Amino acid sequence: MSASASEPIHPLALRLRGKAVLCVGAGKVAHRRLSALLEAGARITVIAPAAVPEIRALAESGALTWRQRGYEPGDLEGMWLAHTATGDPALDARVSQDAEERRIWCINAADAQASSAWTPAITRTSEGITIAVSAGGDPRRAAGLRNAIALAADTGLLPLRRRRTGPGSVALVGGGPGDPGLITVTGRRLLAAADVVVADRLGPRALLRELDPAVKIIEVGKAPGDHLATQDQINEVLVREARAGNRVVRLKGGDPFVLGRGGEEADYCRAHGVSVEIISGVTSAISVPAAAGIPVTHRGVATGFSMATGHDELCELPARADHTLVLLMGVGRLERNTATLLGRGLAADTPVAIIERGYSPDQRVTIGDLGTIAATATRIGVANPAVIVIGDVVRLSPHAAGILEPSQQPAAAVPHAIDARRVQHRVPQPVG
Ligand code: SAH
């Protein structure tokens with residue numbers, strides 16, 4: 001019996017729990033297939049004069065029965081399914097033939113074309129979906145396609161949203177600095193599976209447009225002075241939606257634990273009996289400087305960096321040009337903060353960069369020095385969201401060329417996360 005690749009097949013899902021399955025042969029191929037059959041709960045008898053250690057161990061543990069002898073046609077008696085992988089094509093053909101006569105489906109590992117049945121390439125998603133691919137008897141092609149589908153499922157590109165069952169949950173997902181490519185694979189997958197998304201003003205907003213129309217999007221974005229929702233209200237929304245049985249994704253800008261109040265949201269959920277998981281994200285503190293070609297550390301320039309909110313006094317932070325300072329939410333108090341740093345002995349010509357709206361089409365990079373940057377920022381109307389970088393690493397940015405004294409390091413050596421070709425920058429002339 002042989003089949004052509006174009007012959008239509010009839011896919012079936014078998015419930016094998018407790019069903020007798022014969023496996024002739026006990027080599028590596030047999031072992032690989034046996035694992036899947038065991039997982040499905042089949043009652044397996046292996047027939048082979050010798051077995052690989054893995055199959056011996058399974059027999060010793062009682063997971064299957066191994067009869068240490070050659071195959072006899074009577075072995076097929078009472079079987080629902082047979083599998084032959086003996087390494088001897090003639091023997092495999094005989095087992096297939098005997099099974100055919102007894103109307104037992106038989107998987108012949110030696111010859112897919114001569115098999116009455118075969119195992120498709122399989123992937124199982126965390127949503128409880130099994131995807132099986134058969135490519136007309138070409139297992140490599142099937143496996144390649146299966147891998148591509150598994151990747152699409154993992155990265156949230158497939159509509160895997162399940163019907164609501166069981167209790168709801170909350171995932172605090174770090175969305176990264178705004179570029180839709182800078183969310184983690186796990187974050188992307190959870191987003192695709194969410195029933196409710198509680199969204200910030202910052203983060204990968206473009207991904208919201210790709211959500212299934214049935215997904216409820218709750219906007220809680222806060223702009224300074226324009227509070228859409230208080231933190232208490234956000235906490236309550238998370239718990240309320242999860243208790244209604246929803247899978248809630250709290251999509252946050254950057255990383256949930258970097259000035260994101262993620263800890264408070266997680267505590268509140270747990271205190272109210274709602275299970276919560278935290279998915280780290282790419283923080284703007286590191287990635288937004290990178291979008292302007294600034295590495296927060298660079299060999300020979302800076303060996304460390306400190307990050308702080310610009311809301312706070314900067315009295316405790318290291319004040320040295322070779323230790324990078326990164327300030328978030330620092331536009332409002334830029335003048336006071338630069339004065340503090342100057343007062344602590346940081347030189348007036350210490351380089352400063354302000355990157356507004358990082359990763360957006362209107363990202364703007366302003367380069368200056370500690371003595372003059374506050375005046376420049378006021379003059380050109382620098383606004384949030386912006387990341388402020390203070391220290392010698394700023395010289396490494398291509399945006400600093402012609403404005404600051406170049407550093408010893410050539411700017412071309414700096415790897416840019418997203419370089420100047422993609423985003424339009426207006427670099428203002430330094431004042432004075
Ligand atoms: N959890 C976030 C930070 C939240 S605080 C993170 O890890 O990135 C909000 C501040 O982050 C903004 O005021 C701004 O300073 C900074 N920020 C976030 N995204 C930004 C972006 N795309 N461009 C510039 N600054 C950004």
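Just so we're clear, the structure is a prediction, and the values are computed from it rather than from any experiment. Remember, it's 1-based here, ligands and their atoms both numbered in the order they're listed.
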Exercise for the section: Could you tell me whether the side chain of Leu207 reaches within less than 4.5 Å of the side chain of Leu191, counting heavy atoms only? Expected result: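 The answer is yes, as the side chains (C-beta and beyond) meet within the 4.5 Å cut-off.
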
Practice task
From the options Ser287, Gly253, Gly262, Gly260, select the one whose nearest heavy atom is closest to atom 2 (C) of ligand 1.
Solution key: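 Closest candidate by heavy-atom distance is Gly253.
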
I'd like to know if [X] and [Y] make a salt bridge, using a cut-off of under 4.0 Å between side-chain N and carboxylate O.
{"X": "Asp200", "Y": "Arg205", "value": "no"}
{"X": "Lys28", "Y": "Glu54", "value": "no"}
{"X": "Arg270", "Y": "Glu265", "value": "no"}

What protein heavy atom lies closest to [atom]? Include the residue and the distance to one decimal.
{"atom": "atom 5 (S) of ligand 1", "value": "Leu259 O, 3.6 Å"}
{"atom": "atom 22 (N) of ligand 1", "value": "Pro177 O, 2.8 Å"}
{"atom": "atom 14 (C) of ligand 1", "value": "Ala386 O, 3.4 Å"}
{"atom": "atom 9 (C) of ligand 1", "value": "Leu202 CD1, 3.8 Å"}
{"atom": "atom 23 (N) of ligand 1", "value": "Gly358 N, 2.8 Å"}

Between [X] and ligand 1, is there a nitrogen or oxygen pair with a distance under 3.5 Å?
{"X": "Val258", "answer": "yes"}
{"X": "Ser284", "answer": "yes"}
{"X": "Met329", "answer": "yes"}

